[in-house]
Colleague: 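Right, I'll just put the structure down here and ask away after.
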Amino acid sequence: MSKIMTGAEMVVQALQDQGVTHLFGYPGGAVLPIYDALFHQDKVQHVLVRHEQGAAHAAEGFARSTGKVGAVLVTSGPGATNAITGLTDALMDSIPVVCITGQVPTHLIGSDAFQECDTVGLTRHCTKHNYLVRRIEDLPRILHEAFYIARSGRPGPVVIDIPKDVQFASGPYAPPKNAQHKTYHPRVKADIGKIKQAVAMMAKAKKPILYTGGGVVNAGPTASTLLRELVQLTNFPITSTLMGLGAYPGSGPNWLGMLGMHGSYEANNAMHDCDLMVCVGARFDDRITGRLDAFSPGSKKIHIDIDPSSINKNVMVDLAVVGDCAHVLEDIVRLWRAEAHQTDPKALKAWWAQIDKWRARKSFGYKKSDTTIKPQYAVERLYELTKDRKTYITTEVGQHQMWAAQHYKFEEPNRWMTSGGLGTMGYGLPAAIGTQLAHPDALVIDIAGEASILMNIQELSTAKQFLAPVKIFILNNEYMGMVRQWQELLHGGRYSSSYSEALPDFVKLAEAYGMKGIRCSDPKNLDAAIQEMIDHPGAVIFDCLVDKAENCLPMIPSGKAHNDMILPDFEEDLGKVIDDKGKMLV
């Protein structure tokens with residue numbers, strides 16, 4: 001039965017009907033009717049951020065860690081434009097977010113009114129879909145369609161731009177029985193003939209590899225369970241993109257580590273030399289492929305993805321399977337068992353022997369120090385002291401992000417929140433707050449750099465207001481580390497504006513916000529300091545002073561093939577890392 005409501009009341013009711021528990025936003029003139037409607041209810045908690053970019057990232061963290069749609073509410077003009085970075089980030093990483101923006105009254109649209117901008121035009125290319133609602137009669141349908149579009153198929157952000165007069169107008173509201181879009185119906189079940197073809201190709205492979213991505217995580221926990229079952233059945237080696245970490249356990253015997261620009265030597269070489277590549281829920285982006293004309297030249301390629309536009313977009317494949325990863329993996333596992341497929345044990349044994357040789361290079365290795373904290377060591381100790389807890393990790397963007405991906409072993413999906421496609425500095429703190437509010441009893445840690453954390457440092461106020469006990473673990477090398485690294489390796493050591501000058505005292509900054517501040521510079525004290533951070537019941541800023549000159553290796557230089565890597569030079573029992581011709585790799 002329908003009920004007469006104002007547009008503002010419809011927005012709040014639709015959020016409740018969609019099961020939204022947390023709404024991240026910032027008030028302004030063009031959305032005050034909605035904020036007034038929020039005032040009269042207690043089912044949706046509004047989380048006041050200090051910048052609209054923070055609202056979008058917090059919603060991303062909430063969505064990524066729960067599998068639900070994140071919700072954002074911002075005002076017109078600068079409120080909407082401030083959110084665009086977060087919306088673009090969500091689009092690149094396929095994160096479901098619905099962002100409701102206020103707009104000037106319909107009769108003022110196009111007049112350069114106060115705080116007016118063309119929100120629909122601006123967000124057309126950074127959202128999965130967007131709406132400008134001009135009639136109250138359309139608002140109930142659009143509100144529910146937006147959530148359907150955001151979560152269905154390849155997830156992504158949706159914007160609903162609502163003029164102020166539509167928020168004040170009244171009309172009938174009834175929750176739809178089956179909210180869908182009349183033309184958007186993504187294919188979930190794949191063609192069974194193509195799945196049979198994929199299974200046959202897998203059974204014949206001599207040097208196979210599973211290349212997985214964030215699509216497996218987005219497909220829900222069932223997809224990760226089925227992926228693990230498939231690895232056990234086939235004994236295939238498996239690697240993952242940055243976004244796919246945790247779908248297969250980081251401690252698993254078949255795990256080769258992350259691949260790509262800062263991926264492991266064994267993962268990148270196995271991708272290059274394989275004869276069959278099974279890509280599940282990844283999109284062959286440039287950070288994975290390196291130089292396209294040299295990418296895995298001898299392999300047959302199977303691409304499983306719910307987004308048909310991703311097929312053959314960057315890399316031409318031999319078999320495309322369009323469908324939801326969970327459903328496709330279910331069919332592959334079922335057919336593998338039913339038809340009693342087996343791999344060639346002799347060929348697979350030889351393939352694993354070669355992979356073990358690449359593994360012996362210890363490409364994530366580094367020189368130990370008794371006097372200086374190495375950033376890799378800091379992440380390793382953080383992992384060891386938190387691995388037995390329910391822990392969620394977010395990151396900012398830069399060297400610290402890659403060290404976290406390399407040295408923190410993710411055993412489960414949805415525990416790793418990072419900005420992959422857009423590489424957004426300032427992502428980690430608001431994402432940690434969104435994750436913490438979604439999981440109030442969990443340990444949530446933002447692994448940060450001292451430069452990145454300053455991008456959205458104002459969100460410390462949000463953490464304080466909502467008593468979010470996030471732990472901010474700063475790997476402080478006093479540089480924009482990845483910028484400095486590229487300048488050292490590719491620009492002749494000309495460190496143009498990469499030094500982090502005029503840094504705050506992070507311990508005093510923590511105290512200014514009523515939080516705990518910890519600083520550590522001695523490796524011998526690191527474990528005790530990390531434990532102190534973990535044990536503290538409230539928010540913590542941990543200023544971990546690390547080696548200022550350490551580079552994040554391995555690294556594929558820009559424009560190089562994905563197996564043409566710069567590897568670390570370090571002393572180990574096996575000797576220094578050298579190439580096949582005995583040349584030192586520096």
Side-chain angles (χ1 to χ4, degrees), residues 64 67 94 96 151-155 186-205 208-250 252-256 258-259 267 270-271 274 276-284 288 299-308 310-311 317-343 348 410-416:
R64 182 73 174 175
S94 304
R151 71 165 68 95
S152 301
R154 179 180 176 180
R187 183 171 187 170
V188 175
K189 293 286 288 183
D191 184 305
I192 193 65
K194 292 194 172 184
I195 293 177
K196 288 182 177 179
Q197 189 178 346
V199 169
M201 292 171 69
M202 291 168 65
K204 292 178 182 178
I209 190 168
L210 287 165
Y211 153 42
T212 60
V216 181
V217 178
N218 288 340
T222 300
S224 296
T225 300
L226 289 164
L227 177 66
R228 297 169 189 221
E229 187 176 354
L230 181 62
V231 172
Q232 188 174 16
L233 282 171
T234 61
N235 197 29
F236 282 9
I238 180 170
T239 183
S240 163
T241 66
L242 181 73
M243 297 305 296
L245 296 177
Y248 182 81
N254 293 53
W255 178 240
L256 304 187
M258 179 182 71
L259 80 158
M271 286 281 283
C274 69
L276 178 69
M277 179 188 303
V278 184
C279 174
V280 189
R283 56 186 176 88
F284 293 98
I288 299 303
S299 69
K300 297 284 186 182
K301 299 174 182 69
I302 300 170
H303 191 179
I304 300 167
D305 205 294
I306 199 166
D307 180 9
S310 291
I311 305 292
V317 299
D318 299 278
L319 178 63
V321 183
V322 177
D324 178 81
C325 290
H327 289 277
V328 175
L329 288 169
E330 181 181 28
D331 286 337
I332 289 175
V333 168
R334 176 176 54 81
L335 288 173
W336 190 277
R337 289 186 182 279
E339 298 173 2
H341 285 286
Q342 290 187 341
T343 53
L348 204 56
F410 295 94
E411 302 298 308
E412 299 178 44
N414 303 106
R415 297 295 182 89
W416 165 247

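Note that these values count all heavy atoms, side chains included, but never hydrogens, waters or copies made by symmetry. If you read the sequence from its start, that first residue is 1, and numbering goes on from there.
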Colleague: Would you indicate whether Q232, at its atom CD, is surrounded by more than 12 heavy atoms from other residues, nucleotides or ligands within a distance under 6.0 Å?
Modeller: no
Colleague: Please round to the nearest 0.5 Å and tell me the distance separating atom SG of C325 and atom CG of D305.
Modeller: 6.5 Å
Colleague: Under 4.5 Å between any side-chain heavy atoms of V322 and P186, yes or no?
Modeller: no
Colleague: Assess whether side chain to side chain contact (heavy atoms under 4.5 Å, CB included) is satisfied between Y211 and I288, documenting all intermediate values.
Modeller: CA-CA 10 Å; Y211 153 42; I288 299 303; 3.7 Å; yes
Colleague: What is the distance from atom CD1 of I302 to atom CE of M277, rounded to the nearest 0.5 Å?
Modeller: 11.0 Å
Colleague: Applying side chain to side chain contact (heavy atoms under 4.5 Å, CB included) to I304 and I332, what does each step give before you reach the verdict?
Modeller: CA-CA 11 Å; I304 300 167; I332 289 175; 3.8 Å; yes
Colleague: Could you walk me through whether M202 and L233 pass side chain to side chain contact (heavy atoms under 4.5 Å, CB included), step by step?
Modeller: CA-CA 12 Å; M202 291 168 65; L233 282 171; over 6 Å; no
Colleague: Specify the closest pair of heavy atoms between P96 and P155, including all atoms of both residues, with the distance to one decimal.
Modeller: CD-CB, 3.8 Å
Colleague: For residues 320-335, pull every pair meeting salt bridge (charged side-chain N to carboxylate O under 4.0 Å, His left out), keeping only residues two or more places apart or in separate chains.
Modeller: K189-D331, D331-R334
Colleague: Which of parallel (below 30°), tilted (30 to 60°) and perpendicular (above 60°) describes W336 and H341?
Modeller: tilted
Colleague: Hey, are the side chains of W255 and S240 touching, using non-hydrogen atoms and a 4.5 Å cut-off?
Modeller: yes
Colleague: One pair to check against side chain to side chain contact (heavy atoms under 4.5 Å, CB included): I192 and L335. What are the steps and the verdict?
Modeller: CA-CA 10 Å; I192 193 65; L335 288 173; 4.1 Å; yes
Colleague: Could I get the full list of side-chain hydrogen bond (donor to acceptor under 3.5 Å, both in side chains) partners for S299, not counting sequence neighbours?
Modeller: S296, K301
Colleague: Where is the tightest heavy-atom contact between V217 and M243, given as atom of each residue plus distance?
Modeller: CG2-O, 4.1 Å
Colleague: Provide the closest heavy-atom pair for A223 versus V216 in the form atom of the first, atom of the second, distance.
Modeller: CB-O, 3.5 Å
Colleague: So which atom in S94 and which in N218 form the shortest heavy-atom distance, rounded to 0.1 Å?
Modeller: O-ND2, 3.2 Å
Colleague: So which heavy atom on W416 is nearest to which on L242, and how close?
Modeller: NE1-O, 2.8 Å
Colleague: Output the distance between atom CG (L348) and atom OG1 (T234), rounded to the nearest 0.5 Å.
Modeller: 8.0 Å
Colleague: Looking only at atom types and distance, does a side-chain atom of T212 sit under 3.5 Å from a main-chain N or O of T239, one as donor and one as acceptor?
Modeller: yes
Colleague: When rounded to the nearest 0.5 angstrom, what is the spacing between CG in L276 and CD1 in I209?
Modeller: 10.0 Å
Colleague: For the backbone of F236 and the side chain of N254, can you confirm whether one donor and one acceptor N or O come within less than 3.5 Å of each other?
Modeller: yes
Colleague: Check this for me: Q342, atom CD, are more than 12 non-hydrogen atoms of other residues, nucleotides or ligands nearer than 6.0 Å?
Modeller: no
Colleague: Only pairs at least two apart or in different chains count here, so list each salt bridge (charged side-chain N to carboxylate O under 4.0 Å, His left out) that has a residue in residues 222-240.
Modeller: E229-R337
Colleague: Distance alone, cut at 3.5 Å: any donor-acceptor contact between the side chains of R283 and S310?
Modeller: no
Colleague: Please report the shortest heavy-atom distance between I311 and V317, naming the atom on each side.
Modeller: CG2-CG2, 4.3 Å
